[in-house]
Every structure is written in structure tokens, then in C-alpha cells.
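To keep things clear, I will list the structure first and then write my remarks on it.
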Amino acid sequence: MLMKEILDQGRISLSFEFFPPKTVVGGERLFDNIAELAPLAPSSVSVTYGAGGSTRSQTHDLVLRIHNETGVTVVPHQTCVAATRDDVAMILAEYEQNGIENVLALRGDPPLDDPDWTPPVNGFAHAIDLVKFIRERFPGFSIGVAGFPEGHPEMPNRLLEIDYLKQKVDAGADYIVTQLFFDNRDFYDFCDRCRLAGIEVPIIAGIMPLRTRKGMMRMAELAAGARFPAPLLRRVTEADSEEDVEQIGIDWAIEQVKDLVAHQVSGIHFYTLNSATATCEIFSRLGLR
């Protein structure tokens, strides 16, 4: 089902994100978690690319397997990094032939060994170029793009950031999925600024529960600019164990989700880190679905 149709149904879209495992054992473990999450009836699931397109083949395999074995709407990520126009056309044609009709168009992270990445010949420099290409070559696809409630880490000018986001929407994006955040006020402010700029497409809130102190540090690196509110940091600092930290993360996410639901947001996207535990508890305690 097209994401734009799902988001037009008048109910809050609840979606999950997975990343492709690097091993066969990891793949089977992931599908055990997907099986545990399936009864929650997500509106869709998405599958990421690694930095620099490093998991391209694993992403495609996982997308097709989820689509064929679960019947859940799948939204594969497609990045500009390490992909030419011919590469993208081939990938999306295969998806289209297999009944997959959604894509999240991203610039993507540069390869870990090439931080000064430049686009390949006949490639894409920015996500807007990818959006335009997909809309022209695959007009039947529903296209999502990324938004950053706390600000894009590479764009300190917040006014220009929203202008660039509007350009992606005007080029054909149907909806926006945000980067993770821990203070809902940042999300609501981001939505207000989008509306002031004339962006009217649905905006889906990205939620990732904390699991460990080490994971929090890793999260700060991967989501550059992520802001951890002082009350959350205080609870984590005072926690006696990593098990307590995980529960604090779940409790904090539950309060975020409860508030987002009360504000009737278009959707909530759970960054699962390939684990069902936190998401299942959130759904159970809030009676979602």
C-alpha cells in the first residue's frame, strides 16, 4: 500500500525501522524480532542502508523477504551516496516488479573511510536530486524524505534548512519522517515552522528509546546534534544498572508517545535497533493498536 494512502486514512501511522544484519545468524534473529512485532500490526516497516551504501545488497534482500513473508508494507531507504542514476533505476525497477511501491529518499552518510565523499559520475549530490529522479522515472512510488526537529547537523542556518526541505516536498515528496528526538517540544516547533513555510505534507515523529549508556553515546555520534534533556540525563546518571537505564529509556519514550498521540500526530516511527523488547512494551502499556 502506498504510504501517502496509509497517511490519508485518518489514523496515526505506527511504523518500525530495521537495519540489515551482516550475518546469517543476525538475519534469523532479526526475523524472530519481526515475528514478535508483527501482531502489533504496523502501518509499515522501513529498512536502512549502511554508511556509504555499504549494506546495499543486504538491504534489498531484507526488503524483499519482509515483503514476501509478512505482507507488511515495506519502505526501503534509498541513498545518494555510492549510487548512480543507473543503479537507482535498476534497484527501483526491481522493487516495482515485486510490488514494492514506497521509498525513503535520503542523501545518506558518506563512507566511513571517505568523509569528504563527492557524488559519482551520473550520481546525485543531494536528496532533492534523488526525489526529482524518482518522481520522474517512477511516478507511481510514494516518496518520503527526512526531517530534523533539532536541526540538520550540516546546516546551521535553520531558515535555509526548512527552505531546502520545502524544495524536496515541492519536488514530489509525499511525507516527512523525522530524526529521533527526546523533547516533543522540538518536534512541535519543527512542525510549526514547516507549516509556516508552506509544507503541508504529513510529518511522522521518529522515536528511539535509550537502551544503554554506551548506546546513548553512540546515538549522540550517529544522530549528530541530538539533544538529551537534563531530566533524562539525570535519571540515566543516577541509574544503578544498565537494566535500569533501559527501563528509563522505555519510560521516557512512553511519555513521548503518549503526548504525541494526544496531539494526534500523523505518525510515529520507532527506531527499533532490530529489537522487539522496547517497542512491544511501549505498545502494551499504551494499548496501541
Side-chain angles (χ1 to χ4, degrees), residues 13-40 42-51 54-55 58-59 61-63 65-66 70 72 74-77 79 104 106 108-109 112 144 146 148-150 153 177-182 204-228 232-233 235-236 239 241-257 260 267-286 288:
S13 165
L14 300 172
S15 54
F16 308 142
E17 181 167 296
F18 306 108
F19 60 85
K22 297 180 180 179
T23 66
V24 173
V25 173
E28 295 309 314
R29 186 180 300 118
L30 171 58
F31 255 78
D32 289 342
N33 281 292
I34 291 175
E36 190 173 346
L37 290 168
L40 303 181
S43 305
S44 65
V45 300
S46 67
V47 181
T48 71
Y49 258 48
S54 57
T55 64
Q58 297 98 312
T59 294
D61 292 345
L62 181 56
V63 166
R65 185 176 179 188
I66 293 174
T70 72
V72 176
V74 188
V75 184
H77 289 200
T79 65
L104 191 66
L106 308 165
D109 297 322
L112 297 178
F148 297 83
E150 298 174 339
V177 182
T178 77
Q179 178 62 276
L180 61 94
F181 57 90
F182 294 100
I204 299 173
I207 296 294
M208 181 188 287
L210 286 177
R211 296 178 64 186
T212 64
R213 292 183 177 91
K214 183 178 179 180
M216 182 173 71
M217 295 303 297
R218 181 66 174 153
M219 197 181 297
E221 293 174 2
L222 293 177
R227 186 172 70 83
F228 298 95
L232 176 58
L233 285 174
R235 294 184 201 177
V236 171
S241 67
E242 289 302 289
E243 289 77 13
D244 289 343
V245 171
E246 182 174 26
Q247 194 57 56
I248 289 166
I250 291 173
D251 291 342
W252 188 274
I254 283 173
E255 292 305 311
Q256 284 191 272
V257 172
L260 291 166
I268 303 173
H269 186 66
F270 294 90
Y271 295 101
T272 70
L273 297 178
N274 286 12
S275 172
T277 305
T279 305
C280 284
E281 183 170 343
I282 291 169
F283 270 58
S284 175
R285 287 172 56 181
L286 292 180
L288 298 175

Original post:
Does the distance from a Lys or Arg side-chain N to an Asp or Glu carboxylate O, for Glu28 and Arg65, drop under 4.0 Å?
Top reply: yes
**OP:** Using atom types as modelled and distance alone, determine if a side-chain donor or acceptor of Asp244 lies under 3.5 Å from a backbone N or O of Ala239.
**Re:**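 Not confirmed, Asp244 side chain does not pair with Ala239 backbone.
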Original post:
Would a distance-only check, ignoring hydrogens and angles, find a side-chain to backbone donor-acceptor pair under 3.5 Å from Ser284 to Cys280?
Top reply: no
Would you say the side chain of [Y] lies within less than 4.5 Å of the side chain of [X], judging by non-hydrogen atoms?
X: Leu62; Y: Leu30; answer: yes
X: Pro21; Y: Gln58; answer: no
X: Thr272; Y: Asn33; answer: no
X: Pro42; Y: Val72; answer: yes

Rounded to the nearest 0.5 Å, what separates atom [atom1] in [X] from atom [atom2] in [Y]?
X: Ile207; Y: Thr178; atom1: CD1; atom2: OG1; result: 7.0 Å
X: Glu36; Y: Thr277; atom1: CD; atom2: OG1; result: 6.5 Å
X: Met216; Y: Arg213; atom1: CE; atom2: CZ; result: 8.0 Å
X: Met208; Y: Gln256; atom1: CE; atom2: CD; result: 12.0 Å
X: Ser275; Y: Asp32; atom1: OG; atom2: CG; result: 11.5 Å
X: Leu37; Y: Phe16; atom1: CG; atom2: CZ; result: 5.0 Å

Minimum heavy-atom distance [X]-[Y], with the two atoms named:
X: Glu150; Y: Leu180; answer: OE1-O, 4.4 Å
X: Phe270; Y: Phe283; answer: CE1-CE1, 3.5 Å
X: Pro76; Y: Val74; answer: CD-O, 3.5 Å
X: Pro209; Y: Tyr271; answer: CD-O, 4.2 Å
X: Val236; Y: Leu210; answer: CG2-CD1, 4.0 Å

**OP:** Report the C-alpha distance between Ile248 and Leu232 in whole Å, list the side-chain angles of each, state the deciding distance to 0.1 Å, and finish with yes or no for side chain to side chain contact (heavy atoms under 4.5 Å, CB included).
**Re:** CA-CA 8 Å; Ile248 289 166; Leu232 176 58; 4.0 Å; yes
Original post:
Yes or no on side chain to side chain contact (heavy atoms under 4.5 Å, CB included) for Val45 and Ile34, after CA distance, side-chain angles and deciding distance?
Top reply: CA-CA 10 Å; Val45 300; Ile34 291 175; over 6 Å; no
**OP:** Test Glu242 against Lys214 for side chain to side chain contact (heavy atoms under 4.5 Å, CB included), laying out the working first.
**Re:** CA-CA 9 Å; Glu242 289 302 289; Lys214 183 178 179 180; 5.7 Å; no
Original post:
Stepwise, does the salt bridge (Lys or Arg N to Asp or Glu O under 4.0 Å) test hold for Arg285 with Glu255?
Top reply: CA-CA 11 Å; Arg285 287 172 56 181; Glu255 292 305 311; 5.9 Å; no
Original post:
Is it the case that Ser15 and His269 place a side-chain donor and acceptor less than 3.5 Å from each other?
Top reply: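 Yes.
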**OP:** Kindly indicate, with the supporting measurements, whether the criterion side chain to side chain contact (heavy atoms under 4.5 Å, CB included) is fulfilled by Thr48 and Thr59.
**Re:** CA-CA 7 Å; Thr48 71; Thr59 294; 5.7 Å; no
